[in-house]
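Take this structure, written in structure tokens, and hold onto it; I'll ask about it next.
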Amino acid sequence: MNLECIRFFFIRKKMIFIGVALFVLTAVLALIFSYRQVIIEVDNQKVQYAYNGNKTVAEVLKANQITVKEEDIVKPARNEVLKDGSVINIDRAIPVRIFVEGEYREIYTTQKEVAKILEDANVVIEDHDIVKPALYASVNRGDNIHVTRVDEKFDTTEIVIKYEKIVKENNSLEEGQFKIVQKGVDGLKTIVEKATYHDGVEFNREVVDEKTLDPVDEIKEVGKRAKLVANRSSTNTPVKGRTITIEATGYCSCHKCCGPYDGSTTASGISPAEGRTVAASKNYSFGTKVYIPYFSNTFVVEDRGGAIQGNRIDIYFSSHQEALRFGRRTLEATIVN
Ligand SMILES: [Zn+2]
């Protein structure tokens, strides 16, 4: 082996050495740069995990045998490739039961507040609804949320209060007659109740308003004055004679009724008497008996009057007031044979 050869040998060896060194260096560098260390935050624990190469979140979790539900929130997203020093955070969804409208359902949620959980579950809470635990409360695994639907309804009841009938005696009114001096009006009691329903079942009922419209009494005056009884037929046998329709009026012996003929005597010369004396036209001679069923009484024609014509009969009353009260009536009368 000559010197040339020896030199060549050494050069070649050196080159191989450099080549190997470079290769090793590259490999070591590659190893250093592909080294990853990540932290997994799950279930209140921190798990460290080291590996080489590129891995997604899902791959790292699988390698650590950490299973996640779809409802669990994983950050970063499952398909993201991790860098060295990355932190994977898993927010576990917890099961919560929601009781509403007679049904319940179990949901998995990462929300902590009742209000948010209900919102996620699309349960709309109305003004009066009762929610337990309260809307702002936090829930734990396995907790139940109860929603009671509360409805309010107002019921109005009307009760008619019948009016009273009051009867009073009236001495200036003839027996058997009456008059209503005050019309009766029914009263009305109005009650407003507030009914509260819990999930459609009546839970409470209270009177919130009550109004009473008082009734107005009916006041009836009944005649107390005894009917004219003079000359009453002694029997109840029908009176025989000609029945006519008369225009009956009342009069007394005052100046207003009789003008110049006022006084205490009738045209026939005898003193008038209530229940007996009537004035009729000359068609009926003095002494003619006239039975008037309205009075159940037989009168006697004893008087005349300028205006007493045809079938008009003027009935004598002892006072002007009573004559006026009688007024003018169309009555039946029988001219007794
Ligand atoms: Zn008179």
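Ligands are counted one by one from 1 in listed order, and the atoms in each one are counted from 1 as well. Side chains included, hydrogens not; waters and symmetry mates left out as well; all remaining heavy atoms used.
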Salt-bridged, E152 to K194, with N to O below 4.0 Å?
-> yes
Would you check if the Zn ion (ligand 1) lies under 2.8 Å from any N, O or S atom of C252?
->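 Yes, C252 qualifies, because one of its backbone or side-chain N, O or S atoms lies under 2.8 Å.
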Should the pair R36-D84 be classified as a salt bridge under the 4.0 Å nitrogen-to-oxygen rule?
->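 So R36 does not pair with D84 through a salt bridge.
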N/O/S atom of H255 inside 2.8 Å of the Zn ion (ligand 1), strictly under | no
Pick one: which of T56, I90, V47, V42 meets side chain to side chain contact (heavy atoms under 4.5 Å, CB included) with L61?
->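 Among the candidates, only I90 passes.
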With the Zn ion (ligand 1) at the apex, how many degrees lie between SG of C254 and SG of C257, rounded to 10 degrees?
-> 120°
Which N, O or S atom of H320 lies nearest to the Zn ion (ligand 1), by name | ND1
Does any donor atom in the side chain of Q309 or S281 lie under 3.5 Å from an acceptor atom in the other side chain?
->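 Their side chains do not contain a donor-acceptor pair, so the 3.5 Å distance test is not met.
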